Amino acid sequence: MNGPYRESSGSGAGKPPEELLRLQTTTDLLGLAPRSSGEVFAVLELEGLGKRLEVARARFSVMFVLDTSGSMSGEPLLQVCDSVTKLADLLEPTDSAGVVAFSDNPSEVMALTPLSPSAKAGFRRRVHALTSEGSTRISAGVAAGRALLPPRKDGERQLLLVLTDGQPTDGTTAASFAELARGFRPDVSVVALGYGPKHNAELLRAFADGGGGQYWYIADPAQANMEFARAIGSQGDVVVDGVQLVLAPGPGVEVLEVLGEPRLRFGADGARVSLPDLREGEKRTCVVKLQVQAPREPSRFLVLGITVEHRQAGLAQVRKLQSELTVDITHRQDGLLHVAARVQVLLARAELLRRQARVLCDQQRYDAAAVLLRKMIAELEGVPGYVKLDGGPLSEAVEQLIDEAVVCEQRPSVTAYNEFRAGTLGVDVAQGSKHHADRKTTSALGRSTISSMLDCDVEGVVVIELPGGQLQRVMLAPELSVGRSPGNDVSLALASVARRHCRVVCRHGKVFVYDLGSSNGTLVNGQRVTNAEVQPSDVIQLGDAKLQVLRVK
């Protein structure tokens, strides 16, 4: 059946199981001519539902795997140790945590231990005793951290959090690191944090993708606490894990690929692909490319049987959500294109092209990358119904690609491009172009981790001067994202402002501004900064806009 499909509520006595997922399916062509042969795209949208996790979340077992090689010496290691211990303090006594450090060899700093008050004190002592030296044997460190996680119990959620600031010295590649992470699924979720401009962003992104987790970029030591808090806090929003998509093609149908999902496995029950964990309210779109040979006569034709295997976060029971996707075999010639589904296909293609452009940029072929991106931008802008800066998926994809094209056209240095790329790896244009750091947390864990880093009772105003002298005022909040996109807390519809330009943060009675990898940069009193404390008299410049932050409380 096409259209919305909800999980069966079950039968018999007792309370029906909680609904965890919603699945909606369609094809880009609603009909095919008899005996025709060609490609059809199936568009599957999953949405995480489930109970808010502040009501009843699973117990957390967190293994921190920390790079302590020589490049982490000084402020980076101090900030990481401070972040790790603060986050451990926010976990409950029923949660557990452990630490593995790696450089030339991995070492067990603290075994996985329930976080009683005395255990937290010991945790702080051991973590703050860490020193930095040696090389970066990352695979050995991650494997050691995984080995310290026991078989997962029902009602437990296991998390492996890996942080590094450099390049691996043990021959680890993106492909091998992704394969290592795949071996952890479905019981262990992963978070990869890249620290500073010299880390291997593609390596960590591959690890996160392989493990169905997330990659986060920490630009400099001053941002460590906040990004650690976001990374851990976001895990409290996860309602569904262990997600496997099983695609059983109908007669005369072949599954060619799932766009953007490089590892497609074929078995007796069909093609299988692993998908990331889903947070509450999060949607994920999968575009499946099919080769279809239509039957001879008009009919309702089964294209794809779909099964989504999944679990409530922290529970062992595997649940199944099933549906069938059909198309009409018809002599009708018009009205067969499903425009919304075709847009999703275009967005999936745009993300693949964006990845190709990144490869060209790695080779410093910036002009060729810019041509690819501009061609895709023109195609998306030509879609009927496209409206610039309306906040919709098409508009957001265009704005993201524009930012990347502008950077390519500037022909940046290798270091500058790597910094920009690392900050944008958390964006997927096929999934709505929203950076996972910008998703609002809904769980108690998420709120507690973020609020512990912010001044939550802040009062004040942000004064914005636009070109021509026009002034706007926005109420100050503990944290404000600023950029060109309507999805920001402060939206500035100016071409000189990046889609995600900077973040204004109130902490410890002070106001800070953090650049988010913008092409034109964030300036404070004329000086370009990655982060800076700002006073009421300071002028923050974003392209053609100027901001002043006046904090009252």
Side-chain angles (χ1 to χ4, degrees), residues 20 48-66 83-99 112 114-115 142 145-146 149 152-163 181 184-194 204-205 207-218 224-243 274-282 284 310-316 426 434-453:
L20 301 179
L49 304 176
K51 185 182 297 182
R52 287 181 178 267
L53 298 185
E54 61 261 32
V55 177
R57 73 165 173 87
R59 299 186 304 277
F60 269 90
S61 294
V62 184
M63 183 59 63
F64 295 94
V65 180
L66 306 178
S83 301
V84 168
T85 54
K86 283 182 177 178
L87 290 174
D89 281 340
L90 293 172
L91 294 173
E92 299 292 332
T94 52
D95 298 323
S96 299
V99 180
L112 191 70
L115 290 171
V142 170
R146 172 64 184 95
L149 289 170
R152 202 193 74 161
K153 298 177 182 178
D154 210 17
E156 176 190 18
R157 182 164 167 76
Q158 293 189 346
L159 179 65
L160 194 70
L161 189 148
V162 181
L163 179 138
F184 301 163
R185 302 194 74 186
D187 286 340
V188 179
S189 296
V190 301
V191 172
L193 295 104
L204 293 188
R205 173 63 183 267
F207 178 76
D209 287 348
Q214 299 170 351
Y215 160 82
W216 298 76
Y217 174 46
I218 301 175
N225 281 350
M226 283 301 304
E227 298 313 314
F228 261 88
R230 287 186 218 282
I232 291 289
S234 68
Q235 294 299 309
D237 298 312
V238 172
V239 292
V240 181
D241 65 17
V243 184
S274 297
L275 299 180
D277 302 338
L278 288 173
R279 305 190 211 180
E280 181 186 16
E282 182 180 4
R284 184 164 192 88
H310 59 287
R311 307 180 306 188
Q312 183 172 350
L315 298 186
K434 193 175 184 66
H435 196 287
H436 51 231
D438 295 329
R439 296 184 185 275
K440 303 301 183 184
T441 184
T442 59
S443 67
L445 177 64
R447 289 198 302 268
S448 66
T449 54
I450 297 298
S451 63
S452 69
M453 306 295 173

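Being a predicted model, the structure only gives us computed values, none of them experimental. Worth knowing before you read on, the calculation uses all heavy atoms, side chains too, and leaves out hydrogens, waters and symmetry mates. Along the sequence shown, residues are numbered consecutively beginning with 1.
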Checklist entry - Do we see a donor-acceptor contact under 3.5 Å between the side chains of S189 and Q235? => result no

Item to check | Heavy-atom donor-acceptor pair, R146 side chain to L149 backbone, under 3.5 Å | outcome: yes

Next on the checklist: Which residues pass the salt bridge (charged side-chain N to carboxylate O under 4.0 Å, His left out) test with D277, not counting sequence neighbours?
Outcome noted: R157

Checklist entry - Under the ring pair (Phe, Tyr, Trp, His ring centres under 6.0 Å) test, which residues partner Y217, sequence neighbours left out? => result H199

Next on the checklist: For a side chain to side chain contact (heavy atoms under 4.5 Å, CB included) check, start with the C-alpha distance between L161 and L193, then their side-chain angles and the critical distance, and finish with the verdict.
Outcome noted: CA-CA 8 Å; L161 189 148; L193 295 104; 3.2 Å; yes

Checklist entry - Nearest heavy-atom pair of A224 and S83: which atoms, and what distance? => result C-OG, 3.5 Å

Checklist entry - Partners of R279 by salt bridge (charged side-chain N to carboxylate O under 4.0 Å, His left out), sequence neighbours excluded? => result none

Next on the checklist: In the structure I gave you, are the side-chain heavy atoms of I232 and L159 within less than 4.5 Å of one another anywhere?
Outcome noted: yes

Next on the checklist: Rounded at 0.5 Å granularity, tell me how far CG in L49 sits from CD in Q312.
Outcome noted: 11.5 Å

Item to check | NZ-CZ distance between K440 and R447, expressed to the nearest 0.5 angstrom | outcome: 13.5 Å

Checklist entry - Going through the distances and angles, do V162 and V191 end up as a side chain to side chain contact (heavy atoms under 4.5 Å, CB included)? => result CA-CA 6 Å; V162 181; V191 172; over 6 Å; no

Checklist entry - Side-chain contact, heavy-atom cut-off 4.5 Å: V84 with L66? => result yes

Checklist entry - Which atom pair, heavy atoms only, marks the closest approach of A229 to M453? => result CB-CG, 3.8 Å

Checklist entry - If we only count heavy atoms from C-beta on, is the L278 to V238 side-chain gap below 4.5 Å? => result no

Item to check | side chain to side chain donor-acceptor pair (under 3.5 Å) against R284, all qualifying residues, sequence neighbours excluded | outcome: E261

Next on the checklist: Apply side chain to side chain contact (heavy atoms under 4.5 Å, CB included) to residues V142 and L160 and explain how you reach the verdict.
Outcome noted: CA-CA 8 Å; V142 170; L160 194 70; 3.8 Å; yes

Checklist entry - Which atom names give the shortest non-hydrogen contact between V243 and P276, and what distance separates them? => result CG2-O, 3.9 Å

Next on the checklist: Run the ring pair (Phe, Tyr, Trp, His ring centres under 6.0 Å) test against H436 and tell me which residues pass, sequence neighbours left out.
Outcome noted: W216

Checklist entry - Tell me, do H310 and D241 make a side-chain contact under 4.5 Å, heavy atoms counted? => result no

Checklist entry - Can a salt bridge be assigned to the pair R59 and D154 using a cut-off of 4.0 Å between side-chain N and carboxylate O? => result no

Checklist outcome for this item: Applying salt bridge (charged side-chain N to carboxylate O under 4.0 Å, His left out) to R185 and not counting sequence neighbours gives none

Next on the checklist: For A97, give me all partners under side-chain contact (heavy atoms from CB on, under 4.5 Å), at least two apart in sequence or on another chain.
Outcome noted: F64, L115, F123

Checklist outcome for this item: By side chain to side chain donor-acceptor pair (under 3.5 Å), T441 pairs with (sequence neighbours left out) D237

Checklist entry - Under 3.5 Å, is there a donor-acceptor pair between the E156 and S61 side chains? => result yes

Item to check | Qualifying residues under salt bridge (charged side-chain N to carboxylate O under 4.0 Å, His left out), relative to K86, sequence neighbours excluded | outcome: D82

Checklist entry - For the atom pair CD (Q214) and CZ (R230), what is the distance rounded to the nearest 0.5 Å? => result 12.0 Å

Checklist entry - Where do S443 and G233 come nearest, in terms of heavy atoms and distance? => result OG-O, 3.9 Å

Item to check | Worked verdict on L163 versus V65 for side chain to side chain contact (heavy atoms under 4.5 Å, CB included) | outcome: CA-CA 6 Å; L163 179 138; V65 180; over 6 Å; no

Next on the checklist: Would you compute the distance between atom OG of S452 and atom CE of M226 and round it to the nearest 0.5 angstrom?
Outcome noted: 8.5 Å

Checklist entry - What residues form a side chain to side chain donor-acceptor pair (under 3.5 Å) with E282, not counting sequence neighbours? => result none

Next on the checklist: My understanding is that only residues two or more places apart in sequence, or in another chain, count here; which of them pass side-chain contact (heavy atoms from CB on, under 4.5 Å) with A181?
Outcome noted: F207

Next on the checklist: If I take atom CG from residue D209 and atom CG from residue L275, how far apart are they, to the nearest 0.5 angstrom?
Outcome noted: 11.5 Å

Item to check | Spacing of N225 atom CG and I218 atom CD1 [to the nearest 0.5 Å] | outcome: 9.0 Å

Checklist entry - Taking only residues two or more places apart in sequence, or in another chain, which ones meet T449 in a side chain to side chain donor-acceptor pair (under 3.5 Å)? => result none

